[in-house]
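Here is the structure we will look at.
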Protein chains: 2
Amino acid sequence: MKPRDENKINEIYKATLNLVKASGLAGITMQMVAKEAGIATGTLYIYFKNKEALINALFDVCIRSSASTFFSNYDPAQPFKIGFHTIWLNIVHRRVTHFNESIFIEQCFHSPFIDEESKVRLRKIFEPLLHLIERGKKEHLIKDIDTTWLLSLMVGAINEIAKRTMYYHIKLTSEILEANFQLCWDGIKA
Amino acid sequence: MKPRDENKINEIYKATLNLVKASGLAGITMQMVAKEAGIATGTLYIYFKNKEALINALFDVCIRSSASTFFSNYDPAQPFKIGFHTIWLNIVHRRVTHFNESIFIEQCFHSPFIDEESKVRLRKIFEPLLHLIERGKKEHLIKDIDTTWLLSLMVGAINEIAKRTMYYHIKLTSEILEANFQLCWDGIKA
DNA sequence: AAGTTAAATGAATAATTATTCAGTTAAAAG
DNA sequence: CTTTTAACTGAATAATTATTCATTTAACTT
């Protein structure tokens, strides 16, 4: 028998992400995805039951691989600011290097494909960060206001940094990164 | 002759915004829009040439009405921080009270409907804010880094505040608003 | 090397959705 | 009150897009 070319799934994912970045979830068709992935339309349906299944599987993959990068090199035993800086940098890096993934996740959040359960799963991947913020409050290093607002500043700013970086083709030097981290830090620090 | 019910256009816009908030640009059909607006499908085509025209017209309306609120009560003659606070509050207020509009604009930005020209027009509405930021830098009140990053923190955080407020059904008291403004201000201040 | 099995193809079909249009209604003009 | 005109309707049609399937291809097994 002929084995599946497992790499084909990655090609399909890559194609989908690129197309969604270019023209949104509303702008993709299965034919476009197949063509972009360099396969026949019918082949898509060997790997995915239907369009919804493709989008959901990709959403899941995006969440999982994002999560794995957000906390790499993060050691809860280190001082708060070190840990916070590590995670901040990781998220910025991911958002910029996987910009089409960021757009895809954003689009999925308001789409007919993704159910409430998946949205909850997306929120869950930020939990370690949530705990770190709580710790920072206990150590009186950051402001004692509801964690959701501290996260708003951090995550919201990061999303916007990624968008501007990509839209305006900016090269993120470490000077720029540190300046942006400083903005965030000055905002949340006690 | 029978005159056009000009209010119908608003119903169509409202219907579109509500549907897009619920299931994204990818999730709407002209039939759904018509039904939600309480009119026949054919009637839609009296007011809009086609789907693309509807989306584009609505995008334009959203941009224009947003712009008009962002700078209401803003007087460039006032001290920097007062002006900045006014605009900050205006944008937060607009994003929350017109949340479906915010989602619509976000979705349009990566869609097959909106052209580059409209995107530029969207960026233009922030220009008075851009000038205010430049002024703040000249007066040494805020950090001397590229305006785009100062805006990232402000606008990014605001977008995230609006999302969390709506997703978690939070009531924005003036205490919460002021605490959030403080986060932003501490971030950008010199 | 022949046989077997599943992947791969892409044109055909099914399903969905955009758009039209013949008929109906309602407001305004005369 | 009648006529006129354009809005309005929603079923019919056109266009697009998802999905299937008969056929071909390629890899593995014996």
Side-chain angles (χ1 to χ4, degrees), chain A residues 1-61 104 107-108 110-115 118, chain B residues 1-60 104 107-108 110-115:
Chain A
M1 63 172 167
K2 190 178 177 182
R4 272 195 199 183
D5 178 359
E6 283 305 321
N7 190 49
K8 208 152 272 174
I9 289 186
N10 281 326
E11 290 301 321
I12 294 170
Y13 285 157
K14 225 192 314 173
T16 308
L17 291 178
N18 283 336
L19 291 171
V20 169
K21 184 183 77 174
S23 45
L25 268 180
I28 61 166
T29 68
M30 293 301 262
Q31 336 242 355
M32 286 169 76
V33 171
K35 194 177 177 191
E36 175 86 9
I39 60 177
T41 348
T43 310
L44 265 183
Y45 288 85
I46 292 171
Y47 293 92
F48 300 98
K49 191 175 156 290
N50 53 34
K51 191 177 181 179
E52 190 185 342
L54 163 59
I55 303 293
N56 271 285
L58 178 52
F59 187 77
D60 210 69
V61 164
F104 175 75
Q107 290 254 329
C108 279
H110 294 267
S111 82
F113 303 110
I114 303 299
D115 53 32
S118 298
Chain B
M1 61 174 167
K2 191 179 177 182
R4 274 196 199 183
D5 178 359
E6 285 304 322
N7 190 50
K8 211 153 272 175
I9 289 186
N10 282 325
E11 290 301 321
I12 294 170
Y13 286 156
K14 225 192 316 172
T16 308
L17 291 179
N18 284 335
L19 291 172
V20 169
K21 185 183 76 175
S23 44
L25 268 180
I28 61 166
T29 68
M30 293 299 263
Q31 337 241 355
M32 285 168 75
V33 172
K35 195 177 176 190
E36 175 84 10
I39 61 177
T41 350
T43 311
L44 266 184
Y45 288 85
I46 293 172
Y47 293 91
F48 301 97
K49 190 175 156 291
N50 53 32
K51 191 178 182 179
E52 190 185 341
L54 163 59
I55 303 293
N56 272 285
L58 179 51
F59 187 77
D60 211 68
F104 176 75
Q107 291 254 330
C108 280
H110 295 266
S111 81
F113 303 110
I114 303 300
D115 53 32

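Order of the sequence lines fixes the chain letters, A, B, ..., with proteins taken first and strands second; residue numbering starts at 1 for each chain. These numbers come from a predicted model, not from an experiment.
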(request) Could you state the atom-to-atom distance from CD of A:E6 to P of D:dA27 in whole Å? (result) 15 Å
(request) Would you mind reading off the distance between B:E36 atom CD and C:dT17 atom C1', rounded to a whole angstrom? (result) 18 Å
(request) Measure the distance from OH on B:Y47 to P on C:dT19 and round it to the nearest whole Å. (result) 18 Å
(message) Closest approach to the side chain of B:M30, judged atom by atom: which nucleotide of C:dT19, C:dA8, C:dG10 is it?
(response) C:dT19
(request) Go through C:dT20, C:dA8, D:dC28 for me and flag the one nearest to the B:Y45 side chain. (result) C:dT20
(message) Ignoring hydrogens, what is the shortest heavy-atom contact between B:A37 and B:E11? Give both atom names and the distance.
(response) CB-O, 3.8 Å
(request) Starting at atom CD of A:Q31, determine the distance to atom C1' of C:dA8, rounded to an integer number of angstrom. (result) 16 Å
(request) Calculate the interatomic distance between A:K2 atom NZ and C:dA8 atom P; express it in whole Å. (result) 5 Å
(request) Specify the residue among B:T43 and B:K51 whose closest nucleotide of DNA chain C lies further upstream toward the 5′ end. (result) B:K51
(message) Students often get this wrong, so: under 4.0 angstrom with heavy atoms, is B:K35 touching a base, only sugar-phosphate, or nothing?
(response) nothing
(message) Using the side-chain heavy atoms of A:I39, tell me which of these nucleotides is nearest: C:dT9, C:dT19, D:dC8.
(response) C:dT9
(request) Measure from CG on A:L44 to P on C:dT9 and round the result to the nearest Å. (result) 10 Å
(request) Spell out, as yes or no, whether a donor-acceptor pair under 3.5 Å connects the side chain of A:D115 to the backbone of A:S118. (result) yes
(message) Whole angstroms only, please: what is the CG-C1' distance between A:D5 and C:dA6?
(response) 13 Å
(request) Rounded off to whole Å, could you give me the CG-to-C1' distance for the A:N7 and C:dA7 pair? (result) 15 Å
